[in-house]
Protein chains: 2
Amino acid sequence: MDRPRLKDVAERAGVSLKTASNVVNDFPHVSDATRQRVQEAIDALGYRPNVSARNLARGRTGIIALAVPRLDMPYVAEMARYVIEAADAHSWIVLVEQTAGRPEWQNGAVLDDLFRRIDGLIYSPGLAGESSLEQVAADTPIVLLGENLYDERFDHVSIDNVAAARTATEHLVAVGKRRIAAVGVRRERQSGTTRERLTGYRQALRAAGLPVEPKLVRPAGSFRGEEGERAAEALLRLPKPPDGIFCFTDWVALGVLRALHNHGVRVPEDIAVVGFDDIPYGRVATPSITTIAPDKREIARIAVDLLAQRLSARGRPSPRSTLVDFDLVVRESTSGRTVDPGGTARRPRH
Amino acid sequence: MDRPRLKDVAERAGVSLKTASNVVNDFPHVSDATRQRVQEAIDALGYRPNVSARNLARGRTGIIALAVPRLDMPYVAEMARYVIEAADAHSWIVLVEQTAGRPEWQNGAVLDDLFRRIDGLIYSPGLAGESSLEQVAADTPIVLLGENLYDERFDHVSIDNVAAARTATEHLVAVGKRRIAAVGVRRERQSGTTRERLTGYRQALRAAGLPVEPKLVRPAGSFRGEEGERAAEALLRLPKPPDGIFCFTDWVALGVLRALHNHGVRVPEDIAVVGFDDIPYGRVATPSITTIAPDKREIARIAVDLLAQRLSARGRPSPRSTLVDFDLVVRESTSGRTVDPGGTARRPRH
DNA sequence: GCACAGCGTTACAGCGCTGTACGCTGCGGC
DNA sequence: GCCGCAGCGTACAGCGCTGTAACGCTGTGC
């Protein structure tokens, strides 16, 4: 037996095609009695809408793109996971675009191509350079994740990086550290996220009456482990090395831990380490990493909802920026003790 | 200006709709002259096919599903990355389905739903229990990744797990280890992959003239770090602990390293460790993990190609099983030295 | 009692493309 | 010189659904 079409449902229920369609889509102007009759026909036949046909008729594609640097970065994979789940609730399929090392993403034509195939874009610039989104965003909604390049021109979701960095640094102060380094600023470009985290770091130091020493602020622009390793080596060579390190990502923190281990430095006794992102590896690292854990599921949900709203909205609402919760998760790299991996110390926002 | 339709191309080139279509699809029965004229019209107008319309007309969905336990497992994320890239070459979009903790995946109705929306499925059972694929696979092609449940009923791509496990174990022998443990067999179910790796492990021991001691074979069924930790603890409590540990996944190896570290065991001097999968973290772990690195990109490519072949094939070809290359990547957990992360020691197959 | 409002429903015309069946042209063979 | 056969190209009918406009019917207000 062939798959039932809407026509079959309509015939069985004794109504027109369009009425059956209205029931399927939960549209108004259908009496309860009719609605129920159609619903019974749907159930009896096991009818499911044909997505291609619907998309064609509606002028939609049923696809949203998630543009990320690369899917095999743990933070990104986790975000992708949640975006997929959230998109599913809107019957959207997620086209994951990996932008790292693809200069064509700077190319208007390629972007234009992409935009013809999607209903919306969730763009997580990450380390990628700026691409020319405004050229193509004519009528396709875009939501930015994390960094807010394009100052306020698009919808935007992130955590409060300043507050999070402050929280992380305060925690190092709270466990008794006085010379606290920051690793992860970008050399080449003063990116938004990096600058914000640096600001939070400075705020916390000042609030604690500690000096801000430029020598304790090290770059690790690509956010890779190797860079963290190098930064930590440099810090250890200082006449007065730090006793705490705030890393702008967990990935960098892993590299820092490697270097500290290689030099026989005890963590957290000699130097305590805090990371950022709460990637899965931070939990099994040796020692496990205290970190800032953004509410990734919530970020994804809001991002997808913003797309949906913009798509159903008349006209062009002005861009909205949303801040999402984060947690400080205390683990061995600052406490020395094995802690419940989900353990939460603070929830400063929202 | 509206987006050009195929009709516009046809008119501009002075040919029929179908001829234009034939050019777009690179179909036969078009003279070179006509083809060129149409192509010029396409370029001039910047025409791109409307995917929804094409799919509707062709009876395809343009979507293949990749079913994995969870996307935020590093091995899985990497595979997803490559599957997406490979699918792109066939103009497919990848719908990532996360099966972990979703009992509805055992439910025929839900699967049936999924199968109506996709052209094919790449299924990586991972830790998930068996689901009832054969019920729904009526006409949708399926490729299995890794484990070959459903003995030979579907196309299948994996590495030679026996050979890989043998290689890993031989390496431990080669660096002078004599009491080699295996961590990662599944308790509950004798899964294919686990059994194969165990077989390879035993083969290597026998070939080296070493005894196979049941006490040195420890379960870590969920493949999680915590289980590796527990398994390592148990091994250390033995009257005669091992001097080498072969872990069935890198994730487990990370847990093992944690436990060894906590007990002051030197790696690799006291105990050398080999993992499996070559996840990104293995490279930054302390010490970095020697591992079996499957050619994931190739696995993905073949899987997608198998789907494509089956889709264009007449009738139902009998299932094919493909073995893909792997490498042994030697790192600190067996060599003690920092090694070029891409370093390759052996390539035993193909 | 009649007009009219408004709800529930219907008919119809596409959305943009592809597969099928067929028609046309020009060439070579008998 | 006619027929047959490739080789190209075309017309047409959908694929399955949704938006629009218009319809008929019931109930309300004066």
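Predicted model, so just to flag it, every value in this text is computed and none were measured. A note on names: the letters A, B, ... follow the listed sequences, proteins ahead of strands, and every chain is numbered from 1.
- The distance from atom CG of A:L17 to atom C1' of D:dG19 is 12 Å, rounded to the nearest whole Å.
- Contact check, A:T19 against C:dT9: no side-chain N or O comes under 4.0 Å of OP1 or OP2.
- No contact: B:N55 has no heavy atom under 4.0 Å from any strand.
- Considering only side-chain atoms of B:K18, the nucleotide from D:dG16, D:dA11, D:dG9 that sits closest is D:dA11.
- Proximity note for A:S16 (side chain, C-beta onward) versus C:dT10, C:dG16, C:dT18: the nearest is C:dT10.
- Between the CZ atom of A:R54 and the C1' atom of D:dC15 there is a distance of 16 Å, rounded to whole Å.
- Counting only N and O atoms by type, the side chains of A:T61 and A:D119 include a donor and acceptor under 3.5 Å apart.
- Atom CD of B:E11 is separated from atom P of D:dT10 by 13 Å (rounded to the nearest Å).
- Note: CZ (B:R117) to P (D:dC17) measures 13 Å, nearest angstrom.
- Looking only at atom types and distance, the side chain of B:Q39 has a donor-acceptor partner in the side chain of B:D43 under 3.5 Å away.
- Contact between A:L71 and A:Q98 at its shortest, heavy atoms only, is N-OE1, 2.9 Å.
- Which of D:dC17, C:dG19, C:dG16 sits closest to the side chain of B:F27 comes down to C:dG19.
- One atom, CG of B:D8, and another, P of C:dC15, lie 11 Å apart when rounded to the nearest Å.
- Nearest-nucleotide positions on DNA chain D place B:N22 closer to the 5' end than the other of B:N22 and A:L6.
- Following rounding to the nearest Å, A:L56 (CG) and C:dC17 (C1') show an atom-to-atom distance of 8 Å.
- Rounded to the nearest 0.5 Å, atoms CD (A:E11) and CG (A:L45) are 10.0 Å apart.
- Remark: A:S21 is in phosphate contact with D:dT18, judged by side-chain N or O atoms under 4.0 Å from OP1 or OP2.
- With C:dG8, D:dG16, D:dT18 as the choices, the nucleotide that has an atom nearest any side-chain atom of A:T34 turns out to be C:dG8.
- Per the geometry, CZ belonging to B:R60 stands 18 Å off P belonging to C:dC17, to the nearest Å.
- Taking the nucleotide of DNA chain D with the nearest heavy atom to each of B:A53 and A:R58, the more 5' of the two is matched to B:A53.
- Checked by atom type and distance alone, the side chain of B:N25 pairs as donor or acceptor with a backbone atom of B:S21 at under 3.5 Å.
- Of the side-chain N and O atoms in B:S52, none sit less than 4.0 angstrom from OP1 or OP2 of C:dC15.
- Side-chain proximity of B:N25 to C:dT18, C:dG16, D:dC17: nearest is C:dT18.
- At D:dC15, none of the side-chain N or O atoms of A:N50 fall inside 4.0 Å of OP1 or OP2 (strictly under the cut-off).
- Residues B:V143 and B:Y123 have side chains not in contact (no heavy-atom distance under 4.5 Å, counting atoms from C-beta outward).
- Atom pair A:R35:CZ and C:dC7:P shows a separation of 15 Å (rounding to whole Å applied).
- Between B:S31 and D:dG7 there is no side-chain polar atom (N or O) within less than 4.0 angstrom of OP1 or OP2.
- Backbone-only engagement by A:V15 is indicated by non-hydrogen atom pairs under 4.0 Å involving sugar-phosphate atoms exclusively.
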